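Keep in mind it's a predicted model, so treat the numbers as computed, not measured. Hydrogens, waters and symmetry mates are skipped; everything else that's a heavy atom, side chains included, is used. In this chain, residues are counted from 1 in sequence order. Whatever order the structure lists them in is the order used to number ligands and atoms, beginning at 1.
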Amino acid sequence: MPELAYLNGKILPIEEATVPIEDRGYQFGDAVYEFIASYSGRMFRVNEHLARLQRSMDALEFPKVSLKEIEAGLSELFNQAGFDRAGIYIQISRGVAPRNHPFPADSKAQVVMTIRGLNEIPDEILEKGATVITLKDFRWGRCDIKTVQLLPNAMAKQKALDAGAYDCIFVTDRGIVREGTSSNAFIISGGVAVTHPLTPNILPGVTRSIIIDICARKDIAVEERFYSIDELYAADEVFLTGTTTEVMPIVRVDSYQIADGRVGQYAKLLYRALRQEAESG
Ligand SMILES: Cc1ncc(COP(=O)(O)O)c(C=O)c1O
């Protein structure tokens, strides 16, 4: 299958797609993005991802971009590439302009997309669970906007890998649990699913919202509230949710084993329900 790029309306091989060096995404991190997964030849929850993309662009007062055009480009790219299981990355920058901090008066947003095959999460992780470390959240105050300013996330992920863990969960200096480096975090405590409320400090995850809906359908109570690192360590279950993370069971956080150290029933049930929903479109 060809790995393709979409560049302002044209589709071409990824290695041939380039952007000008004065793109504001490159110089200022002045760009927003989305990542969409496909299952069985269909992109999953496109409308939700595009709505969040629009929200990110509005929050940063980007030049107007036609969502219809993006949607058409996305479909064309997906159809031409022909993957069943793919990851589609969309990045929109404020545009190209001589380097200067203020927003340029008349820049044109640059729209870039790529498509590549997406690997499944290894069975071993789903069966045995993964481990995470926690780190003080040192990101900016608008993590609800999905910008490409991901250096703290990349640093935290690398720190986790260096420590032999799968990922890192950000925690405030007062011990409030926020989210993973590219996922939202949930705990199960006494049969209740608990996750951080939607505030400027976390991303409103598409998967987070799907999981909350699935919980409602399965009569699992959900509390969107602040919870502490002590509650995280003492939880019956911990899992991360995200487009590529799906529902990832976590069996160890820092030096603490979660419950009996095995993947819990809620994580298994929610993973299966998510996959079912994704595969049936
Ligand atoms: C910081 C952060 N939180 C949460 C998520 C999960 O969001 P979604 O479920 O929409 O993929 C992501 C996904 O990239 C993320 O980067």
Side-chain angles (χ1 to χ4, degrees), residues 29 31-39 43-57 59 74 85-92 113-114 116 118-121 130 132-160 166-172 176-187 193-215 222 224 226-227 232 238-250 267 270-271 273-275 277-278:
V32 297
Y33 77 103
E34 280 297 324
F35 189 86
I36 302 174
S38 76
Y39 294 81
M43 289 185 277
F44 186 47
R45 298 294 175 119
V46 174
N47 292 343
E48 286 85 340
H49 283 283
L50 292 183
R52 186 172 61 189
L53 187 63
Q54 185 67 64
R55 179 185 181 276
S56 298
M57 291 194 288
L74 185 60
R85 186 87 166 101
I88 303 100
Y89 176 76
I90 309 173
Q91 175 169 327
I92 303 186
M113 304 182 209
T114 58
R116 290 196 157 96
L118 191 61
N119 291 331
E120 296 293 354
I121 295 170
V132 295
I133 58 168
T134 60
L135 270 187
K136 190 180 150 216
D137 196 353
F138 59 115
R139 302 171 300 164
W140 74 325
R142 289 304 306 271
C143 293
D144 59 319
I145 309 174
K146 200 162 167 60
T147 80
V148 301
Q149 302 181 114
L150 292 172
L151 195 52
N153 307 57
M155 288 166 73
K157 177 78 183 188
Q158 189 58 46
K159 206 160 186 161
Y166 170 80
D167 205 349
C168 158
I169 292 180
F170 290 117
V171 176
T172 70
I176 301 297
V177 178
R178 283 188 171 155
E179 62 180 340
T181 62
S182 60
S183 56
N184 293 109
F186 282 74
I187 59 171
V194 182
T195 194
H196 192 288
L198 294 181
T199 71
N201 297 118
I202 67 158
L203 188 80
V206 171
T207 322
R208 174 189 180 280
S209 135
I210 298 170
I211 292 302
I212 289 173
D213 289 347
I214 294 174
C215 284
V222 177
E224 294 179 67
F226 299 113
Y227 62 98
L232 178 68
V238 175
F239 56 87
L240 301 176
T241 66
T243 297
T244 50
T245 310
E246 300 184 319
V247 176
M248 179 162 300
I250 303 301
L270 293 169
Y271 172 79
L274 175 72
R275 288 292 302 212
E277 194 151 328

Any idea which protein heavy atom is nearest [atom], and the distance to it?
| atom | value |
| --- | --- |
| atom 3 (N) of ligand 1 | Glu179 OE1, 2.7 Å |
| atom 9 (O) of ligand 1 | Thr207 OG1, 2.6 Å |
| atom 7 (O) of ligand 1 | Gly205 CA, 3.5 Å |
| atom 11 (O) of ligand 1 | Thr243 OG1, 2.6 Å |

Could you grab the distance from atom [atom1] of [X] to atom [atom2] of [Y], nearest 0.5 Å is fine?
| X | Y | atom1 | atom2 | value |
| --- | --- | --- | --- | --- |
| Tyr271 | Ile121 | OH | CD1 | 6.0 Å |
| Lys159 | Thr181 | NZ | OG1 | 14.0 Å |
| Arg85 | Tyr39 | CZ | OH | 4.5 Å |
| Phe44 | Ile210 | CZ | CD1 | 4.0 Å |

Non-hydrogen side-chain atoms of [X] and [Y] separated by less than 4.5 Å:
| X | Y | value |
| --- | --- | --- |
| Tyr166 | Lys157 | yes |
| Val177 | Ile187 | no |
| Ile90 | Leu50 | yes |

If the cut-off is 4.0 Å to any non-hydrogen atom of [X], which atoms of ligand 1 fall inside it?
| X | value |
| --- | --- |
| Val206 | 8 (P), 9 (O), 10 (O) |
| Lys146 | 13 (C), 14 (O), 16 (O) |
| Asn184 | 4 (C), 6 (C) |
| Gly242 | 6 (C), 9 (O), 11 (O) |

Is it true that [X] lies under 4.0 Å from ligand 1, counting heavy atoms only?
| X | answer |
| --- | --- |
| Arg52 | yes |
| Thr244 | no |
| Phe170 | no |

Contact partition for Ser183 relative to ligand 1, non-hydrogen atoms under 4.0 Å: backbone

Thr181 and ligand 1 - part of the residue with a heavy-atom distance under 4.0 Å: backbone

Side-chain (Arg52) to main-chain (Pro204) donor-acceptor, under 3.5 angstrom: yes

Pair Arg45 + Glu277, salt bridge at N-O below 4.0 Å: yes

Closest to atom 12 (C) of ligand 1 among Pro152, Ala37, Ser182 (heavy-atom distance): Ser182

